[in-house]
Amino acid sequence: MKKLRKIRILALSTIAASFFAIQTVEASTYTVQKGDTLSKIAKEHKISVVDLKKWNKLTADIIYVDQKLQVANTNGNTNLPNPPNSNGGSSTIQTTTHTVVKGDTLSKIAQNYKSTVNAIKELNKLKTDAIFIGQKLIVSTQATSNEPAPPIHNNDTSYESALKKVITKNPTVAGQATYAKTIEVANKLVGTPYLFGGNTPSGLDCSGFIFYTFNQAGLKIARDSSEGYFFGNTTKVAKPVAGDLVFFEKTYKDGISHMGIYLGNNKFIHAGTDGVEISDVTYQYWSSRLVAYKRFDGIPSTK
């Protein structure tokens with residue numbers, strides 16, 4: 001009996017320790033909300049922006065809605081180290097998990113995390129839709145680089161340097177062909193669900209949508225954020241044509257925060273919070289946030 005009692009006490013202690021460990025991890029993370037900035041989050045959690053960026057391996061002040069940030073110096077995070085990459089730097093895989101509770105279904109979980117059932121099944125190698133209470137599911141993974149931001153990303157938030165040069169010519173025949181293919185790919189993605197960090201047909205965010213469509217059309221571009229593309233290898237156009245990029249600011253944070261592909265006739269296609277859709281730039285919400293139309297430098301223009 002004494003031996004059985006010791007086993008029960010040990011089991012209860014293990015459960016209690018696990019419970020408090022889970023509580024500690026949850027207390028040390030914060031999910032980014034609309035309107036958040038690093039300084040605001042740091043102030044609310046009584047920490048410095050420097051520490052916040054250090055703990056989350058951020059190389060810039062860019063954050064995203066639904067992004068999970070570590071707000072305490074703890075080793076209880078879910079960042080898994082990766083080996084150094086080809087540039088000599090390293091990266092991490094940030095994994096977001098969900099513990100199944102009563103009433104959960106894969107569909108409900110997918111909707112809550114802006115994912116898809118197929119994506120969650122693939123992440124967890126599930127062959128059926130069956131799940132059980134207490135099961136821990138991976139609901140998203142995101143690769144983040146530990147390298148310094150590329151020097152091409154200008155920190156001039158006044159946009160002056162990024163809009164200094166202006167293209168007044170149309171794309172060449174080859175450029176127009178790339179644009180036509182890009183728009184064809186983009187239109188086939190209408191209805192694709194929004195997924196933070198997503199850059200495949202399983203789920204897309206606004207910059208992931210740009211990355212996927214242009215690469216599928218033959219223009220090889222690196223994965224970046226809307227702000228990265230704005231300050232990167234793009235140039236402002238005086239008169240946009242179908243296929244050019246359109247940038248917006250202050251959709252959920254200060255500065256450049258959203259982008260899409262212009263379709264002509266004031267329409268643009270983009271990955272919004274409701275998924276890939278076609279919108280109108282003249283609508284008050286978009287027109288009040290429109291910053292500029294730009295073109296990837298890899299799209300040749302007529303002389």
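No hydrogens, no waters, no symmetry mates; every other heavy atom, side chains included, goes into these values. Count residues from 1 along the sequence.
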Any donor-acceptor N/O pair, Y229 side chain to N233 backbone, under 3.5 Å: no
Close side-chain approach of L219 and T182, heavy atoms under 4.5 Å: no
Note, D104 side chain near H98 side chain (heavy atom, < 4.5 Å): yes
Co-membership, hydrophobic cluster, residues I183 and V281, 4.5 Å side-chain: no
Heavy-atom closest pair, residues S226 and M259: OG-CG, 3.5 Å
Parallel, tilted or perpendicular, as decided by the 30° and 60° cut-offs, for the rings of F231 and Y159: tilted
Cluster overlap I269 with Y179, hydrophobic side-chain contacts below 4.5 Å: yes
Inter-residue atom distance K188.NZ - Q216.CD, 0.5 Å rounding: 10.0 Å
K121, NZ: over 12 other non-hydrogen atoms inside 6.0 angstrom: yes
Minimum heavy-atom distance V246-Y262, with the two atoms named: CG1-N, 4.4 Å
Donor-acceptor pair between T235 and D297 side chains, under 3.5 angstrom: yes
For I261 against A186, the heavy-atom pair lying closest together: CD1-CB, 4.4 Å
Donor-acceptor contact below 3.5 Å, side chain E227 vs main chain I256: no
Distance (rounded to the nearest 0.5 Å) between I210 CD1 and F296 CZ: 6.5 Å
F268-F248 aromatic ring centre distance below 6.0 Å: yes
Electrostatic pair E160:K164 at N-O distance under 4.0 angstrom: no
Backbone N/O of E184 and side chain of N187: donor-acceptor pair under 3.5 Å: no
K267 backbone acceptor or donor facing N265 side chain under 3.5 Å: no
Separation of I138 CD1 from L126 CG (nearest 0.5 Å): 10.0 Å
Heavy-atom pair of closest approach, residues I221 and F211: O-CE1, 3.3 Å
Pairwise side-chain contact, C206 with H270, heavy-atom cut-off 4.5 Å (strictly under): no
Six-ring centre of Y293, R295 cation under 6.0 angstrom, axis tolerance 45°: no
Distance under 6.0 Å and angle within 45° of ring axis: K294 vs F230: yes
Nearest atoms (heavy-atom pairs only) where T200 meets Y212: CA-CD1, 4.3 Å
Atom pair CG/OH of D205 and Y194 - distance to nearest 0.5 Å: 5.0 Å
